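Notes follow the structure.
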Protein chains: 4
Amino acid sequence: MSKGTDFLNKDREKFKIAVDIFSSKGYHSTTMDEVAQAMGVAKGTIYYHFKNKDELYLCTTQLGISILEIMAREAIGQHTDSREKIVALIESYLLFMHDYAGIAYIFLRELFGDHNRRDFFREATKSYQKLIQNVLEEGQRAGAFAGDLNAEICASSIFGMIFTVAIHYLQVYGELSMDVVKDNICKLIFHGLLEV
Amino acid sequence: MSKGTDFLNKDREKFKIAVDIFSSKGYHSTTMDEVAQAMGVAKGTIYYHFKNKDELYLCTTQLGISILEIMAREAIGQHTDSREKIVALIESYLLFMHDYAGIAYIFLRELFGDHNRRDFFREATKSYQKLIQNVLEEGQRAGAFAGDLNAEICASSIFGMIFTVAIHYLQVYGELSMDVVKDNICKLIFHGLLEV
Amino acid sequence: MSKGTDFLNKDREKFKIAVDIFSSKGYHSTTMDEVAQAMGVAKGTIYYHFKNKDELYLCTTQLGISILEIMAREAIGQHTDSREKIVALIESYLLFMHDYAGIAYIFLRELFGDHNRRDFFREATKSYQKLIQNVLEEGQRAGAFAGDLNAEICASSIFGMIFTVAIHYLQVYGELSMDVVKDNICKLIFHGLLEV
Amino acid sequence: MSKGTDFLNKDREKFKIAVDIFSSKGYHSTTMDEVAQAMGVAKGTIYYHFKNKDELYLCTTQLGISILEIMAREAIGQHTDSREKIVALIESYLLFMHDYAGIAYIFLRELFGDHNRRDFFREATKSYQKLIQNVLEEGQRAGAFAGDLNAEICASSIFGMIFTVAIHYLQVYGELSMDVVKDNICKLIFHGLLEV
DNA sequence: GATGAATGAGGATTCATTCAT
DNA sequence: AATGAATGAATCCTCATTCAT
């Protein structure tokens, strides 16, 4: 944990401020002056804690992502059944989107972003998709999920599906009616589109 | 169609160059000097055709998006069966991702981007999701798809699913093995995860 | 008479357009594009008639100034009495300000302007001040005007006085009520401030 | 008082440099690079203190104008007799022209300048003309000055007269022989042209 | 630890001018 | 005679970063 992460961890208010600004204005359009002013400190103070703008951005995002990771692991940990684990994962992702929409925006933006920071965010994504993938493979071995599905592709599909729906809802309706969204995603994921 | 769109339409080579640079370096890290040099024209020439950097970016993206729209509509138009339409849509999206990965990157990046251009891209997204949604509702009325599914949520899910998987593949394997991806997505979408 | 002056002389509409734009926006803030568009010709056409922007500006102003010169000489020519000549001069200046306010603005602006074109306008001014000065000296020799006044200083004073008042009126009241202004200026010039 | 005015006030040397450059080259032909170099600071430093070139220009001029205002008020304050006040005003204006010719040039140039800054300078002018006007009206009430003169027109006349003569002298003779100029202007203003 | 004035490299934009048609 | 697309030098302005206090 770097000096900067420490700074943000101790003062969660400043963390939220950083997330807010970066998520609403984007990395480049956010100036260090703005961040400093919003945090109520001098610009020099930020440079005392962070090597440069990039480190501030990365530390901020990293802290946000670690929250998502913890939420997801806790959700899975409370269940033994593969299907229930998937439901819990979906719930935790939606909850995260609800509580930390700013981080989620930053995260997705960078995932599809330019070369500069893509690798960093790709690694983070991989570990979540791997989390889903593990549950899927576990379920396939247990005979719960169709064995002929490619777990990697499905994990990626589910990941993209959830984030996209959640953001669609946030953008269109302003807020996330989680139950409706969750129910529909579960139905689609478990049973597919086709009428039986 | 603005003066700038005209310029890019007549010279598709320049359009591709703009897409390439913007998608690989991002809006802010791309300089007008670079674009001009890559296009083989003077900087002033770009400013003769586009009001500013933003207009160049938007015109470029708009042209790319219109290509996706045409591909999707053509794909749907060749089928009458709802299920086949969905397959065709998936195929056309994957094909687009393959041929115009740059545009796809820009598109997704901005969809989750900051306030400045989000509205513009949100509008574009809505029209595609609507395209999927229409097919879904048609299928539901015809009894092909489960009637209790919320078509809007499912359309958004499918949209996110396809793009995410496609980009995941492009990033992990460098290229898109479309058949494998398509088969798996179709299975997931039509039958769900559960073993019957 | 240069090629450009010819062009403006033949088409007085274009002359007025040039004066309007230059006077309201100033030399630097006026672009050749604007001039061309306002004149209803292509930019190249202007460069066909004028060597460059400076020549266009100078030709335009020169034409305007020659009008003032003609007006002043005609005014003086109609009188033999020195005092009446002064009145006629004042009238003609005010009339010019009224009819060609744009040119007047340009003229004064450049008179106090930067080095670039000052010499050109200073020469023009000198010739008018000289016109006044001649009338003053003539009047002094005839015993009409106080002999101990420095004619050069007085000529300059009268020149500045008239222009300033006229512009003051144009700016404050939107238009020039010439009679009131003329009467007061005449009184002041002929009798001074002091109550007799 | 803005941040920028403060900066110029504390360092009068830099103020003079700004005045010098702007007055000799004009607003548009003066580059920020030149100003920065002449002041011996980096370009960024100027932008740290002034929002943009326009603010630098306006702050510079404003400071200059406030000097003129102070000089004029002090001059008037030392006298009770209306006629002596007028003489003192003329003296103070000529002194200002002598010491701050650069500001005077800028001032007059903008007074007759384009739309952009005219309002700003017009306001400043109004207050000086008002100063003169007040003295004139006071004198008229006291019976010292002719009661049938329009004080507003006369104030404007006197204002324009002084500036024009002063500049005429500066331009023609390179320097201002104040006594000669003052004497002549006083004679003209108080007694008029006519031989009694 | 904290500050904020100063820096200067970097990049967007403007616009007078040219020239092939 | 007239055109207008193309040019690129010139300039304004931004902002991450430094450092003396």
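This structure is a prediction, so every number in the text was calculated from the model and none was measured. Just so it is clear: chains get the letters A, B, ... in the order the sequence lines come, proteins before strands, and each one is counted from 1. All heavy atoms count here, side chains included; hydrogens, waters and symmetry mates do not.
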Strand contacts (DNA chain F) in residues 19-40 of chain C, 4.0 angstrom heavy-atom criterion: none
Parallel, tilted or perpendicular: rings of B:Phe50 and B:Phe7 (30°, 60°): perpendicular
C:Lys53 NZ to E:dT18 P, straight-line distance once rounded to whole Å: 15 Å
Euclidean distance for P, F:dT21 against E:dG1 (whole angstrom): 23 Å
Side-chain donor or acceptor of B:Thr60 paired with backbone N/O of B:Leu56 under 3.5 Å: yes
Side-chain donor-acceptor contact under 3.5 Å, A:Glu110 with A:Tyr57: yes
Inter-residue atom distance C:Thr125.OG1 - C:Arg122.CZ, 0.5 Å rounding: 8.5 Å
Pairing partner (Watson-Crick or G-U wobble, both distances under 3.5 angstrom) of F:dG4: E:dC19
Which atom of C:Leu111 lies closest to which atom of C:Phe121, heavy atoms considered: CD1-O, 4.0 Å
Gap between atoms CG and P, on D:Asp11 and E:dA6 respectively (whole Å): 10 Å
Enumerate, atom names and distances included, each donor-acceptor pair closer than 3.5 Å involving a side-chain atom of residues 17-27 of chain A, sequence neighbours excluded.
from, atom 1, to, atom 2, distance (Å)
A:Ser23, OG, A:Val19, O, 3.0
A:Ser23, OG, A:Asp20, O, 3.2
A:Ser24, OG, A:Asp20, O, 3.0
A:Ser24, OG, A:Ile21, O, 3.4
A:Lys25, NZ, A:Glu34, OE2, 2.5
A:Tyr27, OH, A:Asp54, N, 3.4
A:Tyr27, OH, A:Asp54, OD1, 2.9

Any residue of residues 45-52 of chain C with a heavy atom less than 4.0 Å from an atom of DNA chain F: C:Thr45, C:Tyr48, C:His49
Nearest heavy atoms of B:Lys53 and B:His28, plus distance in Å: NZ-O, 3.7 Å
Spacing of B:Lys43 atom NZ relative to F:dA9 atom P, expressed in whole Å: 10 Å
Mate of F:dT11 where both pairing distances stay under 3.5 Å, Watson-Crick or G-U: E:dA12
Donor-acceptor contact present, side-chain C:Arg109 to main-chain D:Phe112, <3.5 Å: yes
Rounded distance (Å) that lies between atom C1' of E:dA12 and atom CG of B:Asp54: 12 Å
